[in-house]
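A, B, ... follow the sequence lines: proteins, then strands. Residue 1 opens every chain.
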2 protein chains.
Amino acid sequence: MPTDHQTASTTSMLRVMNERAVFGEIFRLGPVSRPELAQATGLSKPTISVALANLGRAGLVREVGLRAGPAGRSALLYEVRPEAGWVLAVDIGRSFVRLVLADLAGTIAARVDDPSGSRNPADLLAQLTGLADDLTARVGIGRADVTLTVFGTPGIHDKDTGALHLAPNLPGWSLPGAVDRLSAVSPSPYLVENDTDLAAVGEATYGLGRDVAHFAYVSIGTGTGMGIVIDGKLYRGARGCAGEISYLPIGEGDPLQDDPAAARRGMFETVASADGIVAAARRLGWAGATSAKEVFDAARAGEPLARRAVEVEVNHVAHALAAVTAVLDLELIVLGGGVGVQGGDLLLGPVQERLPHLVALAPPRIEVSTLGADAVLMGAVAVGLTEARDLVLARTVAATP
Amino acid sequence: MPTDHQTASTTSMLRVMNERAVFGEIFRLGPVSRPELAQATGLSKPTISVALANLGRAGLVREVGLRAGPAGRSALLYEVRPEAGWVLAVDIGRSFVRLVLADLAGTIAARVDDPSGSRNPADLLAQLTGLADDLTARVGIGRADVTLTVFGTPGIHDKDTGALHLAPNLPGWSLPGAVDRLSAVSPSPYLVENDTDLAAVGEATYGLGRDVAHFAYVSIGTGTGMGIVIDGKLYRGARGCAGEISYLPIGEGDPLQDDPAAARRGMFETVASADGIVAAARRLGWAGATSAKEVFDAARAGEPLARRAVEVEVNHVAHALAAVTAVLDLELIVLGGGVGVQGGDLLLGPVQERLPHLVALAPPRIEVSTLGADAVLMGAVAVGLTEARDLVLARTVAATP
DNA sequence: GAAATTTGTATTGGACCTTTACGAACGCGT
DNA sequence: ACGCGTTCGTAAAGGTCCAATACAAATTTC
């Protein structure tokens with residue numbers, strides 16, 4: 001049990017701490033006056049003034065107007081200077097590459113969605129670099145002005161070897177060092193995160209999980225996955241594999257005896273992902289079923305075979321969420337991914353009804369994602385903003401001797 | 001996503017922070033010299049001296065001897081004054097009540113194990129109060145000298161209502177306010193924690209999980225449960241129900257169709273707990289099986305039916321740990337509880353072998369508890385010590401105007 | 001247009017920590 | 001036994017930072 005010991009501080013670190021606190025409150029509260037900052041931080045007015053002077057000199061905050069109060073002198077308002085930092089968010093999806101350039105205030109300045117072709121490292125890198133240059137040029141900043149780049153990819157990024165595991169859709173990226181080549185996209189520091197994890201952060205920051213302390217995002221689509229956000233922080237697990245619900249031992253039979261390929265892919269993913277639904281429909285007698293969307297449409301139209309296939313899916317999803325609830329005891333689970341979003345109307349009610357029968361605990365609320373396909377990108381922005389805020393501040397502090 | 005904002009500090013809070021840091025390092029490093037403390041905290045020698053003077057005046061630390069170095073003046077060593085605080089740990093088990101009185105240094109000064117009778121609130125309270133008085137008297141301190149009392153109980157403590165849920169073995173304790181009556185045992189502040197959670201903390205502090213950041217303790221016995229320790233902190237979940245693996249949807253058939261009572265109890269607990277093993281043995285043809293211990297003994301003797309019953313148990317446990325691994329991605333899982341400890345030799349190997357076939361991820365290490373029945377008690381001591389350290393420090397700081 | 005109120009800043013004082021310097025204590029070698 | 005190098009502990013001086021107080025500036029209300 002490695003317990004983090006309390007840190008000691010010297011006087012000169014106080015200024016850093018307090019400036020950081022002031023900067024953080026400006027982020028949190030938006031345009032805000034000095035008295036409000038004094039209130040929020042517990043610091044005195046003169047201290048706030050000094051901190052604002054330093055932050056202003058460093059170009060991190062700016063005056064933005066006056067607040068007209070009921071009486072008395074109007075207060076100057078301060079806000080984060082948006083151009084103080086830029087976050088490049090990249091979602092490397094199965095069929096699309098999406099990029100967003102956001103300023104430090106979180107405003108999205110430019111966006112690109114590219115239905116890309118090849119996924120081998122060299123082609124993908126060239127494509128990403130070109131798109132990134134497009135975006136920065138469009139906004140009128142240089143490549144070097146990007147504070148931080150955040151990549152969302154499927155699979156698990158092994159930071160020691162630079163390899164990407166469990167991402168069969170990205171051939172060539174599982175070789176050692178392959179992920180490190182992403183540094184070529186932008187001269188900034190960069191982060192590589194699992195796409196489902198980012199989607200979870202996105203939903204937790206901009207979506208339904210905003211005020212929820214124990215939250216998870218469950219993605220069901222071509223594959224399955226889960227991102228866990230606890231107390232506002234992503235939970236990654238010992239090796240970054242937390243939330244790999246593909247491997248939940250849920251479904252009929254025993255993978256060892258049945259099908260080793262399915263075992264490698266994971267029991268839950270095999271039965272519950274899009275092609276698992278198609279397989280279920282076929283097994284039930286609908287030989288011509290080709291896509292999950294088709295099955296859901298038919299179920300909405302009242303087709304009995306399709307409805308039974310959906311029932312099977314409901315059962316699998318309910319069992320998975322039951323397992324997650326038994327382990328994590330969450331407040332809210334948001335359903336996403338292709339199946340989760342497009343089939344959400346058919347899944348949500350039955351799953352919610354089924355869950356209390358499986359776990360005699362207070363079940364979590366279950367909702368369908370509001371961000372949809374943008375969840376990954378928005379999560380990358382959120383992660384990037386949090387990190388970029390620290391980066392610009394650290395840069396400033398270092399430059400104040 | 002509630003993000004905790006950076007706190008601001010004033011100069012006078014620096015002293016508090018630094019004294020806290022010094023005190024923490026003394027805890028962490030044991031008898032330690034001033035130069036070592038300066039090194040560990042990053043503070044200067046004079047500051048350490050001042051902090052030690054204050055802590056000494058408050059009775060929290062004391063000189064303990066000299067360190068003879070290879071050359072130069074010998075350094076005075078400081079350690080926590082054990083009598084500065086006392087933690088009373090209480091394990092309310094199924095057939096035993098165990099109490100321990102530990103000083104602030106963590107030394108166990110007195111212990112009592114009582115094979116108690118009645119479990120209704122009034123009787124149990126009387127018994128606990130008597131035993132607690134015995135312990136304090138034996139050590140020579142007063143009731144009021146106890147800094148903190150930590151109770152370990154089965155079930156989930158609802159802090160809002162003061163009721164204890166999911167603890168069928170403690171009749172009467174599920175009424176609102178019942179748990180609050182535990183305050184009568186000692187005039188100190190008190191905490192009520194789930195026994196399995198405490199056992200997890202015990203193993204994480206004194207047992208096999210000492211240097212592990214992602215850890216869980218899985219208890220299998222009369223019931224089943226899991227305690228999760230992440231980065232040294234207990235993970236409780238949204239309502240304190242995290243780790244209730246009794247409800248993992250693992251086992252044959254569907255509880256809804258089969259047996260509503262089993263559904264209330266939880267699928268996994270029904271099949272994998274001690275009486276689940278007995279039931280499995282009977283189902284396999286051993287009609288006379290009466291206890292899990294008997295089944296394990298027979299399996300060790302080579303009895304075929306018993307060995308098959310153990311195989312069934314292995315399968316269930318492996319599935320449960322697979323689900324836990326898929327969700328949490330742990331480094332280490334420690335197996336405890338009656339079945340876990342006494343049947344560990346038969347379960348460990350087969351489960352470890354089975355797990356990689358169920359999850360294609362790096363599986364966690366699995367070990368059998370070394371603390372055994374003392375895990376709950378030791379966990380209560382660990383939790384109490386952490387908290388008591390803050391309490392005595394806060395008391396001191398408040399008394400220094 | 002004056003009073004009331006709120007905002008921003010200048011000044012003073014206090015709390016804290018570090019640096020520097022020096023005396024105290026100890027071991028080792030001669 | 002004595003000196004020397006080394007380490008430990010403390011004292012004094014200096015610097016940084018923040019709060020409190022006081023006051024000037026700006027704005028609304030009556």
Side-chain angles (χ1 to χ4, degrees), chain A residues 6-23 25-26 29 31-57 61-79 396-397 400-401, chain B residues 6-23 25-26 29 31-57 61-78 397 400-401:
Chain A
Q6 183 87 15
T7 52
S9 295
T10 160
T11 40
S12 48
M13 296 172 69
L14 260 185
R15 249 263 298 290
V16 177
M17 286 176 57
N18 287 342
E19 270 171 33
R20 182 181 297 272
V22 170
F23 196 48
E25 290 298 326
I26 296 175
L29 304 172
V32 62
S33 72
R34 274 182 243 227
E36 287 163 348
L37 284 172
Q39 172 84 32
T41 59
L43 298 170
S44 68
K45 286 193 293 174
T47 302
I48 298 291
S49 289
V50 172
L52 283 176
N54 289 339
L55 292 171
R57 197 171 331 113
V61 304
R62 67 178 184 195
E63 297 177 3
V64 69
L66 295 168
R67 161 118 65 224
R73 180 174 173 177
S74 304
L76 277 166
L77 297 180
Y78 292 83
E79 69 174 9
T396 302
V397 168
T400 312
Chain B
Q6 184 85 18
T7 51
S9 294
T10 162
T11 41
S12 48
M13 297 174 68
L14 262 186
R15 248 261 300 289
V16 177
M17 286 177 55
N18 288 342
E19 269 170 34
R20 182 182 298 274
V22 169
F23 196 47
E25 290 299 327
I26 295 175
L29 302 173
V32 62
S33 71
R34 275 183 242 228
E36 287 163 348
L37 285 172
Q39 170 84 30
T41 58
L43 298 169
S44 67
K45 285 192 293 175
T47 303
I48 299 291
S49 290
V50 172
L52 284 176
N54 289 339
L55 292 172
R57 196 168 333 111
V61 304
R62 66 177 185 195
E63 297 178 4
V64 69
L66 296 167
R67 162 116 65 224
R73 180 173 171 178
S74 305
L76 278 165
L77 296 181
Y78 292 83
V397 168
T400 312

Quick check: on DNA chain C, is the nucleotide nearest A:Pro46 upstream (toward 5') of the one nearest A:Ser74, or the reverse? Name the residue that is more 5'.
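Closer to the 5' end of DNA chain C: A:Ser74.
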
So what does B:Pro35 touch, heavy atoms closer than 4.0 Å: a base, only the sugar-phosphate, or nothing?
sugar-phosphate

So B:Thr47, base contact, sugar-phosphate only, or nothing? Heavy-atom distance under 4.0 Å.
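The residue B:Thr47 makes base contact.
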
Can you tell if the side chain of B:Glu19 reaches within under 4.5 Å of the side chain of B:Asn54, non-hydrogen atoms only?
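Yes, close enough: below the 4.5 Å cut-off.
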
Which nucleotide in the list C:dT18, D:dT10, C:dT7 gets nearest to the side chain of B:Ser44?
C:dT18

Residues that A:Tyr78 engages under ring pair (Phe, Tyr, Trp, His ring centres under 6.0 Å), provided they are two or more places apart:
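A:Tyr78 satisfies ring pair (Phe, Tyr, Trp, His ring centres under 6.0 Å) with no other residue.
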
Respond yes when some side-chain nitrogen or oxygen of A:Asn18 is under 4.0 Å from OP1 or OP2 of D:dC18, and no when none is.
yes

Using atom [atom1] of [X] as one end and atom [atom2] of [N] as the other, report the distance to the nearest whole Å.
X       : N      : atom1 : atom2 : answer
A:Asn54 : D:dC18 : CG    : P     : 10 Å
A:Glu36 : C:dT7  : CD    : P     : 8 Å
B:Leu14 : D:dT16 : CG    : P     : 15 Å
B:Lys45 : C:dA24 : NZ    : P     : 15 Å
A:Arg34 : D:dA26 : CZ    : C1'   : 13 Å

Using atom names, set out every protein N or O paired with an N or O of nucleotides 2-6 of chain D below 3.5 Å, distance rounded to 0.1 Å.
{"from": "D:dT6", "atom 1": "O2", "to": "B:Gly72", "atom 2": "N", "distance (Å)": "3.4"}

Closest to the 5' end of DNA chain D, once A:Val50 and B:Leu76 are matched to their nearest nucleotides, is B:Leu76

Excluding sequence neighbours, so at least two apart, what forms side-chain hydrogen bond (donor to acceptor under 3.5 Å, both in side chains) with B:Ser49?
B:Arg34

